[in-house]
Visitor: 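One structure is given below, represented as structure tokens, and several questions about it will come after.
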Amino acid sequence: MKIATWNVNSLKVRLPHLLRWLADNPVDVLCLQETKLTDDKFPVAEINEAGYQVAFSGQKTYNGVAILSKLPLLDVVRNNPRFEDEQQRILAATIDGVRIISAYVPNGQAVDSDKYVYKLAWLKSLHEWLAEEMRSHASLAILGDYNIAPDDRDVHDPAAWEGQVLCSDKERAALTALTDLGLTDSYRLFEQPEKNFSWWDYRMLGFQKNKGLRIDHILLSEKLTQRCTACVIDRAPRKWEQPSDHAPVIATID
DNA sequence: ATGGCAATAGAGTATTGA
């Protein structure tokens, strides 16, 4: 089973990229973030035609998450039931006995801004809900754009980013709190290339200069960690015309 | 060198992202 995550930064713009990528990478499950579409505009027919069933939770202009799957999506839940939130950032479904969660963690804008406070509160509540979910689902994977670079290996210029949003101690502690629940960053189970990232700024020739961050992650419960045989970042679609600023991350579960 | 790109809403320019 291959499971993947990709922040597409507008599914309206990126639908051709998505279909092309799925043709090249026929993963079993793909979690999307930043679809930026209301549910009535979601391209269900095109995705079905590509061989995928899909659940989605969107809103106008911002956020929006989805899960594509070759197998049926059961027990679909929108949002963290413990966190009152108008922003559509969480979608969960059970696929082939695995609880899959697509998550779009808030960006946080700047340390100590209102959005940063919201990000930390959101993560704290996610932690509480995940603890619960893990009790009822031994096989659980939470995939998405975490907007947190776990450590300095995940940052192109750690000195420049030190203490900044996406790299601050409080954000990293919030991510560590999630892994302390018994979730593992699948990427670090394996030897990985140096300076390998999942996001590059559109500005400053970020991708060409590889000025990026690794902020998109696949966290696995212990049961899935034992079955995980690979985790890779696919930079290929970042080189395509009019790309998303994020690259997909893929984990293989045997 | 502290900007720079891109998407959205909506009709010039503001907001957000990371």
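In what follows, chains are A, B, ... by sequence order, proteins preceding strands, each numbered from 1. Since we're looking at a predicted model, the values are computed, not measured.
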Visitor: For the pair made of CD in A:Q33 and P in B:dG17, what is the distance, rounded to whole Å?
Guide: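 Answer to the nearest Å: 14 Å.
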Visitor: When the P atoms of B:dA11 and B:dC5 are compared, how many Å lie between them, rounded to an integer?
Guide: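 After rounding to an integer number of Å, I get 24 Å for this pair.
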Visitor: Measure CG/A:L166 against P/B:dT16 and give the value in whole Å, please.
Guide: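 Those two atoms, CG and P, are 16 Å apart.
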Visitor: For A:F207, which contact category applies under a 4.0 Å heavy-atom criterion: base, sugar-phosphate, or nothing?
Guide: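 The residue A:F207 makes no contact with any strand.
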Visitor: Can you measure A:W199 atom CH2 to B:dT16 atom C1' for me and round it to whole angstrom units?
Guide: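 Rounded to whole Å, this separation is 13 Å.
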Visitor: Grab the CD-C1' distance between A:Q87 and B:dG17 for me, whole Å please.
Guide: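 Taking atom C1' of B:dG17 as the reference, CD of A:Q87 is at 12 Å.
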Visitor: Tell me whether A:S102 contacts the main-chain N or O of A:L32 through its side chain, where contact means a donor paired with an acceptor under 3.5 Å.
Guide: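 Yes.
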Visitor: Residues from residues 142-150 of chain A sitting under 4.0 Å of DNA chain B, heavy atoms only?
Guide: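 Residues of residues 142-150 of chain A under 4.0 Å from DNA chain B: A:D145, A:N147.
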Visitor: Please give the distance between the P atoms of B:dA14 and B:dG3 as a whole number of Å.
Guide: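 Here B:dA14 and B:dG3 have their P atoms 16 Å from each other.
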Visitor: Taking ring-ring contact (aromatic ring centres under 6.0 Å, His included) as the definition, give me every residue that meets it alongside A:Y146, ordered by chain and number, with sequence neighbours left out.
Guide: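 For A:Y146, the residues satisfying ring-ring contact (aromatic ring centres under 6.0 Å, His included) (neighbours in sequence not counted) are A:H217.
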Visitor: Distances under 3.5 Å between protein N/O atoms and the N/O atoms of nucleotides 5-9 of chain B, please, pair by pair.
Guide:
residue, atom, partner, partner atom, Å
B:dA7, OP1, A:R14, NH1, 3.0
B:dA7, OP1, A:Q242, NE2, 3.3
B:dA7, O3', A:S10, OG, 3.4
B:dT8, OP1, A:S10, OG, 2.6
B:dA9, OP1, A:T61, OG1, 3.4

Visitor: What distance, rounded to whole Å, do you find between the two P atoms, one in B:dG4 and one in B:dT13?
Guide: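 After rounding to an integer number of Å, I get 15 Å for this pair.
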Visitor: Using whole Å, report how far CG of A:N7 lies from P of B:dT16.
Guide: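 Between P of B:dT16 and CG of A:N7: 17 Å.
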Visitor: Near A:E222 CD, under 6.0 Å, is it more than 12 heavy atoms from other residues, nucleotides or ligands?
Guide: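 Check fails, neighbour count at 12 or below.
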Visitor: Which residues pass the ring-ring contact (aromatic ring centres under 6.0 Å, His included) test with A:F197, sequence neighbours left out?
Guide: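 Result, ring-ring contact (aromatic ring centres under 6.0 Å, His included) vs A:F197: none returned.
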Visitor: Just checking A:I215: base, sugar-phosphate only, or nothing, at a heavy-atom cut-off of under 4.0 Å?
Guide: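 The answer is sugar-phosphate, as A:I215 gets under 4.0 Å only of primed atoms, P, OP1 or OP2.
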Visitor: B:dG12 and B:dA7: how far apart are their P atoms, nearest whole angstrom?
Guide: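 Their P atoms lie roughly 22 Å apart.
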Visitor: Is A:E34 touching bases, backbone alone, or none of the nucleic acid, heavy atoms closer than 4.0 Å?
Guide: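 Answer is sugar-phosphate: A:E34 comes under 4.0 Å of backbone atoms only.
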Visitor: Set out, in order, the CA-CA distance, both residues' side-chain angles and the distance that settles salt bridge (Lys or Arg N to Asp or Glu O under 4.0 Å) for A:R214 and A:D151, then state yes or no.
Guide: CA-CA 9 Å; A:R214 190 177 70 90; A:D151 65 58; 5.8 Å; no
Visitor: Taking only residues two or more places apart in sequence or in another chain, which ones pass salt bridge (charged side-chain N to carboxylate O under 4.0 Å, His left out) with A:R20?
Guide: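 For A:R20, no residue satisfies salt bridge (charged side-chain N to carboxylate O under 4.0 Å, His left out) once neighbours in sequence are set aside.
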Visitor: State plainly whether the residues A:R89 and A:D145 are in salt-bridge range, i.e. N to O under 4.0 Å.
Guide: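 Looking at A:R89 and A:D145, the cut-off is not met.
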Visitor: Salt bridge between A:D154 and A:R188, side-chain N to carboxylate O under 4.0 Å?
Guide: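 Yes, this pair counts.
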Visitor: Atom CG of A:D245 to atom P of B:dT16: distance rounded to whole Å?
Guide: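 It works out to 17 Å between those atoms.
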Visitor: Can you list the residues that meet the ring-ring contact (aromatic ring centres under 6.0 Å, His included) rule with A:Y116, with sequence neighbours excluded?
Guide: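 For A:Y116, no residue satisfies ring-ring contact (aromatic ring centres under 6.0 Å, His included) once neighbours in sequence are set aside.
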Visitor: What distance, rounded to whole Å, do you find between the two P atoms, one in B:dA1 and one in B:dA6?
Guide: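 Rounded to whole Å, the distance is 25 Å.
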Visitor: Atom CD of A:Q59 and atom P of B:dT16: how far apart are they, to the nearest Å?
Guide: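 It works out to 13 Å between those atoms.
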Visitor: More than 12 foreign heavy atoms under 6.0 Å from CD of A:E162: is that the case here?
Guide: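 Not buried by this count: 12 neighbours or fewer within 6.0 Å.
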